[in-house]
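Take a look at the structure set out below.
Here the structure is a predicted model, which means the values were calculated and not measured. In this chain, residues are counted from 1 in sequence order.
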Amino acid sequence: MPTRDAPGPRANLPVNAWAILGLLSFGTELTGYQLRQWAENVLGFFHSVPAMSQIYTELRRLERHGYARGTEEEAPGGRARRAYRITPEGRAALAAWIDGEPVEQPTARNGAMLRLWLGAHASPERLRGILREHRDRSEAMRADAAFSHRVTEQEYPGHPYAALVTSWAERRYAAERDIAEQVLAELDRVEAGGAPPAGGPADRPVPGR
């Protein structure tokens, strides 16, 4: 399991590099492909998933700074592949980054809400379809997070902090699902000529924005 190393000097790296270094801290040796799989199964719940090209770019950067070390190994079929492990310097730098770097503000991009906001230019049927798709996608993400949470608890009992995050993700997407269902009902009332949901006039810009 990850160890708590004393914070030390660290390089100025992009967030994706720290995320990849964090993934390395959970394993022994991982290839770029394995890192991509881990990222899709874990990072996707709370962070953007780097593309393969980004992963290899950041692995090279981490190697240059001495935070990761790559070794060549033989893959099935006789092909050579490079596997990476975190170094003690990498663990110390990761701890220093967590300890000293300001936390990035969460992003709030939501394609469904962007389109609903512009609902005057769309048909009610299209808007309902968008909201149902968002509701169903949120439920699928909740189920994925619940599965990941069970796997984390059962197969990685030494990583309780990872289990906290998968539990958070499960609750987050359950809330997204439930809110989408509520907005669907509110949309029906608006389309029927009822009042917009409480919270302010629907067509007047918010002062100061």
Side-chain angles (χ1 to χ4, degrees), residues 1-27 30 32 34-68 84-114 117 134 137-138 140-142 144-153 156-180 206 208-209:
M1 68 178 284
T3 57
R4 293 177 180 273
D5 295 271
R10 67 182 187 279
N12 184 21
L13 301 178
V15 174
N16 272 342
W18 296 113
I20 291 167
L21 190 62
L23 288 173
L24 287 176
S25 75
F26 285 92
L30 296 169
Q34 289 170 326
L35 282 165
R36 171 69 181 186
Q37 289 181 307
W38 280 43
E40 288 178 341
N41 292 333
V42 179
L43 282 185
F45 294 124
F46 56 88
H47 192 273
S48 60
V49 177
M52 283 300 306
S53 59
Q54 289 180 295
I55 288 174
Y56 286 116
T57 296
E58 298 308 338
L59 284 171
R60 289 192 293 269
R61 195 196 311 265
L62 291 169
E63 276 197 286
R64 287 199 303 271
H65 286 288
Y67 294 166
Y84 298 83
R85 67 167 62 238
I86 191 170
T87 63
E89 294 81 6
R91 290 190 184 277
L94 189 62
W97 174 72
I98 296 170
D99 185 62
E101 189 72 17
V103 178
E104 308 82 16
Q105 182 174 347
T107 59
R109 295 180 61 176
N110 188 311
M113 292 305 106
L114 176 61
W117 176 58
H134 177 59
R137 187 184 299 116
S138 297
M141 290 293 292
R142 184 211 61 78
D144 287 347
F147 175 76
S148 183
H149 182 63
R150 290 193 299 272
V151 170
T152 302
E153 285 192 317
Y156 302 95
H159 301 314
Y161 302 106
L164 284 177
V165 172
T166 52
S167 175
W168 165 83
E170 183 180 359
R171 286 175 286 174
R172 173 197 171 187
Y173 287 108
E176 284 279 346
R177 175 203 62 200
D178 294 344
I179 292 170
V206 177
R209 295 287 179 87

Does [X] reach the main-chain N or O of [Y] with its side chain, forming a donor-acceptor pair under 3.5 Å?
X      : Y      : value
Ser138 : His134 : yes
Arg171 : Ser167 : yes
Arg142 : Glu176 : no
Asp99  : Ala95  : no
Ser148 : Asp144 : no
Arg177 : Ala140 : no

Atom pair [atom1]/[atom2] of [X] and [Y] - distance to nearest 0.5 Å:
X      : Y     : atom1 : atom2 : value
Thr107 : His47 : OG1   : NE2   : 9.0 Å
Trp38  : Ile55 : CH2   : CD1   : 13.0 Å
Arg85  : Ser25 : CZ    : OG    : 13.0 Å
Glu89  : Leu94 : CD    : CG    : 13.0 Å
Ile86  : Tyr67 : CD1   : OH    : 10.5 Å
Leu35  : Tyr56 : CG    : OH    : 8.5 Å

* Go through the steps for Glu153 and Arg150 under the test side chain to side chain contact (heavy atoms under 4.5 Å, CB included), then give the verdict. => CA-CA 5 Å; Glu153 285 192 317; Arg150 290 193 299 272; 5.5 Å; no
Closest heavy-atom contact between [X] and [Y]?
X     : Y     : answer
Ala68 : Leu24 : CB-CD1, 3.9 Å
Ser48 : Asn16 : OG-OD1, 4.1 Å
Leu59 : Gly32 : CD1-CA, 4.2 Å
Leu43 : Pro50 : CD1-CD, 4.2 Å
Leu23 : Leu30 : O-CD1, 3.9 Å
Ala17 : Leu62 : O-CD1, 3.9 Å

* Could you please spell out the steps behind the side chain to side chain contact (heavy atoms under 4.5 Å, CB included) verdict for Leu13 and Trp97? => CA-CA 9 Å; Leu13 301 178; Trp97 174 72; over 6 Å; no
* **Under-4.0 Å salt bridge between Glu63 and Arg60** =>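 No salt bridge links Glu63 with Arg60.
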* Hey, are the side chains of Val49 and Arg36 touching, using non-hydrogen atoms and a 4.5 Å cut-off? ->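 A side-chain contact exists here, since the closest heavy-atom pair is under 4.5 Å.
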* To do: Fit a plane to each ring of Phe46 and Trp168, take the angle between them on a 0 to 90° scale, and name the class: parallel (under 30°), tilted (30 to 60°) or perpendicular (over 60°).
  => perpendicular
